[in-house]
Amino acid sequence: MRTSQYHLVTRKETPQDAEIISHQLMIRAGMVRKIGAGLYTWSPLGFRVLRKVEAIIREEMNASGALEMLMPAVQPKELWEETGRIEDFGGQLLAMTDRAERDYFFGPTHEEVMTEFVRDEVTSYKQLPINFYQIQTKFRDEIRPRFGVMRSREFIMKDAYSFHLTAESLEETYRLMEQTYTKILSRMGLKFRCVLADSGAIGGSGSQEFHVIADSGEDAIMYSDDGDYAANIEKCEAVSLLSARAEPENELTEVATPDQKTIEQVTEFLGVNADQMVKTLLVEGVEGPVALVVRGDHHLSEVKAAHLSEVATPLRFLDDKEVQELAGCDVGSIGVKDLNCPIIVDLTVANMSDFICGANKEGYHLTGVNWQRDAEFQQQADIREAQAGDPSPDGQGILKQARGIEVGHIFQLGDKYSKAMNAVVLDENGRSQALQMGCYGMGVSRLVAAAIEQSHDDNGIIWPSALAPFQVALLPMNYQKSVQVKRTADELYEKLTKAGYEVILDDRKVRPGFMLSDFELLGIPHQVIIGDRSLDEGFVEYRHRQKMEKQKIEHAKIFDFLTQHTNL
RNA sequence: CGGGGUAUAGCGCAGCCUGGUAGCGCAACUGCUUUGGGAGCAGUGGGUCGGGAGUUCGAAUCUCUCUACCCCGACCA
């Protein structure tokens, strides 16, 4: 490709509304352009990268034996009524009506459509196991789209759905997909981690997420420093930090803590550590309010709390007025003694003794509080977020924390959808069996942003070789005037193109500095600088986008050099 | 959905308070000079001032209203 015949529109200035680096660089490089909140047009340049991501996914999915197909983006509302998921998805579903007032959703995911397909087309156990996938545009009406194509409303996703007669067969394909995702992300040259995950609105029994590691990631992931355990913080088991409860030593004492409301204020005021205190949080329960208690230095996991059967979903904290009615004080002085509602404590809290909590009396706290003697709890459960430094739940090593961008999520759904939609096959004995189902998503457009997030510098994008829009950039200095520069560049361009390289030759009439910074921004991995200065001595210059050191290569040898140094 | 903010050329912004010829920088186009790190000079094109209504002789500017977008929060692959 010659730049004169391509469409390159780069910007020197950082766009004002782009917060994270990948969004800034994608706009500056002219890969995408915003048309509305969370809606983007992909330019030819950006689209090339999108296609690279798709191609790798497609190759590896095909290699795994999955079958590509295509489902409609627009789905009849009736399908969603069959599974009752309209509520689960809530406002994220983009609804529309046609001229006959029929209701539709623009698909945010395709379990329903897929299951509808399979229940009619797959009728015998002999057709199983089978794994279908598509690469397609999805729509989710995000409450707040942000970070460019990272969290957009319309996005491209690869979604696969497998069907099985038995749970064992499902497990096998699930593991195969885990391996396939590992291959895909490895080929893209990304640093990533597979972690245990909460299955959210999709549902099912087990699920894992694939995260590209990046400080700007929206998710926190926990992993063992000396073992295989890794989980999203939403899912990560938080073990009890106290193996047994010590005997009470101190008397129950009421102390005045005027105007001390937060844990931080109270610990400072009393001269104690936060791990001697407990936090009592009041939430709406299924039948009246429920108290959730975690240690002072711990955070409540809202995801875990919402999973408790006693707690109403979605999780809602009581407001100031409700707190006042129940505890007789404001939020800063709630405690576990004589609290008139069920109390659910975290595993660590269950083993605490001589602890400090609010006195349910404005401006007072209790010290030397002990379970059984002074207060009772109804249930203990893992309701806190794990934190760095905790022992790993599998007993191997200590947990560390990292930020990740979720680019893939695999689920074992079991028979959740097949039962709801009556998708059955006949087994060997001629008996009707509900299908076992798995689903496997991967964010195609999000991967483009994630790759940039992980690989860039002050001057622009540094594409991993597998995702670069072009492999080689030929950068002639003074192409329009120097006959030997033009000839050298043209010849090399022809030769590389014929040999199958994706080459971009910058034949624009621009100054050298402009051209060089443009290609740093664009992040093309292999760059060949052709100028009179070195050509007079028989050389051209080569540099790799990652290292940027210029290397003199004999003019006659540059083709062989590139052949050796690229993956083609 | 709650709170805050913004809307003027492709991008970034000024002008509004105090109503009277719509401006600046970047980008684009033309010419000349320059040519190994985002050039200089001269010139050119490009605007329903987010939409609607109102006040006024006259509205980018004042009033009302609608809409869109951005940020923070809760929510979420």
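Below, read A as the first sequence line, B as the second, and so on, with proteins coming before strands; counting in each chain starts at 1.
On a pure distance criterion of 3.5 Å, no polar donor-acceptor pair joins the side chain of A/R543 and the base of B/G36. Put simply, the side chain of A/D518 and the base of B/G38 share a donor and an acceptor less than 3.5 Å apart. The base of B/G38 is not paired with the side chain of A/E520 by any donor and acceptor separated by under 3.5 Å. You won't find any donor-acceptor pair under 3.5 Å spanning the side chain of A/R144 and the base of B/G3, going by distance alone. Contact annotation: side chain of A/R151 to base of B/C76, donor-acceptor pair present below 3.5 Å.
Side chain to side chain, A/T14 and A/Q24 fail the donor-acceptor criterion of an N or O pair below 3.5 Å. For A/S162 and A/Y440, the side-chain atoms include at least one donor-acceptor pair closer than 3.5 Å. A donor atom on one side chain and an acceptor atom on the other are found under 3.5 Å apart for A/D507 and A/T3. Using modelled atom types and a 3.5 Å distance limit, the side chains of A/S43 and A/H7 yield no donor-acceptor pair.
Residue A/E541 is classed as a base contact, given a heavy-atom separation below 4.0 Å to a base. Contacts of A/E19 with the nucleic acid, taken as non-hydrogen atoms under 4.0 Å apart, involve only primed sugar atoms and P, OP1 or OP2. Across all strands, A/K550 comes closer than 4.0 Å to base atoms (heavy-atom distances). Nucleic acid contact class of A/G531 (heavy atoms, under 4.0 Å, all strands): base. Using a 4.0 Å heavy-atom distance criterion, A/R33 is classed as a sugar-phosphate-only contact.
One atom, CZ of A/R85, and another, P of B/A77, lie 11 Å apart when rounded to the nearest Å. The OH-P distance, from A/Y479 to B/U34, rounds to 22 Å in whole Å. Atom pair A/N232:CG and B/C76:P shows a separation of 12 Å (rounding to whole Å applied). Distance CG (A/D319) to P (B/A74): 17 Å, rounded to an integer number of Å. Computed from coordinates, the A/R11 CZ to B/A28 P distance equals 11 Å when rounded to whole Å. At whole-Å resolution of the value, CD in A/Q208 and C1' in B/A77 are 16 Å apart. Going from atom CG of A/L94 over to atom C1' of B/C76 covers 16 Å, rounded to whole Å. Distance CG (A/D88) to C1' (B/A77): 14 Å, rounded to an integer number of Å.
With respect to the salt-bridge test (charged N to carboxylate O, under 4.0 angstrom), the residues A/E537 and A/K552 qualify. Under 4.0 Å is where a charged nitrogen must lie from a carboxylate oxygen, and between A/R543 and A/E520 at least one such pair does.
Nucleotides B/C13 and B/U6 are separated by 12 Å at their P atoms, to the nearest Å. Using atom C1' as the reference point in both B/U61 and B/G46, the two lie 23 Å apart (nearest Å). For B/A22 and B/U65, the P atoms lie 29 Å apart once the distance is rounded to whole Å. Across B/U35 and B/A60, the matching P atoms stand 49 Å from one another, rounded to whole Å. If you take atom P in B/C16 and the same atom in B/U55, they sit 25 Å apart, rounded to whole Å. A gap of 31 Å separates the P atoms of B/C72 and B/C26, to the nearest Å. A gap of 15 Å separates the P atoms of B/G19 and B/C57, to the nearest Å. Taking the C1' atoms as reference points, B/C11 lies 31 Å from B/G20, given to the whole Å.
In this structure, A/K34 and A/R446 both approach RNA chain B, and ranking their closest nucleotides by distance from the 5' end singles out A/K34. Along RNA chain B, the nucleotide nearest A/M150 and the nucleotide nearest A/G36 are compared for position; the residue whose nucleotide lies closer to the 5' end is A/G36.
Nearest to the side chain of A/R140, among B/G10, B/A77, B/C69, sits B/A77. The listed nucleotides are B/C76, B/A77, B/G38; the one nearest the side chain of A/S517 is B/G38. When the nucleotides B/G36, B/G38, B/U35 are ranked by their closest atom to the side chain of A/M477, B/G36 comes out on top. When distances run from any side-chain atom of A/E13 to the nucleotides B/G25, B/U35, B/G73, the shortest one goes to B/G25.
Base-pair partner of B/G36: not found among the strands shown (Watson-Crick or G-U wobble, both distances under 3.5 Å). Nucleotide B/C62 is matched to B/G54 when pairs are restricted to Watson-Crick or G-U wobble geometry with both distances under 3.5 angstrom. Base pairing annotation: B/U48 forms no Watson-Crick or G-U wobble pair, as no partner gives both donor-acceptor distances under 3.5 Å. Under the Watson-Crick or G-U wobble criterion, with both distances below 3.5 Å, B/C76 is left unpaired in every strand shown. In a base pair of the Watson-Crick type (N1 to N3 plus N6-O4 or O6-N4) or a G-U wobble (N1-O2 and O6-N3), with each distance short of 3.5 Å, B/A22 is matched with no nucleotide. The pairing partner recorded for B/C16 is none, the criterion being a Watson-Crick or G-U wobble arrangement whose two distances lie under 3.5 angstrom. Summarising the base pairing, B/C69 is matched to B/G5 through a Watson-Crick or G-U wobble pair whose two defining distances lie under 3.5 Å. When both pairing distances are held under 3.5 Å, B/C41 makes a Watson-Crick or G-U pair with B/G31.
Taking the side chain as every heavy atom from C-beta outward, A/V485 and A/N478 never approach each other to under 4.5 Å.
Ring centers of A/Y181 and A/F192: at least 6.0 Å apart, outside the cut-off.
Proximity of A/R511 to the phosphate of B/A39: a side-chain N or O atom is located under 4.0 Å from OP1 or OP2.
Ring geometry for A/H526 against A/H544 counts as perpendicular: the plane angle is over 60°, on a 0 to 90° scale with 30° as the lower cut.
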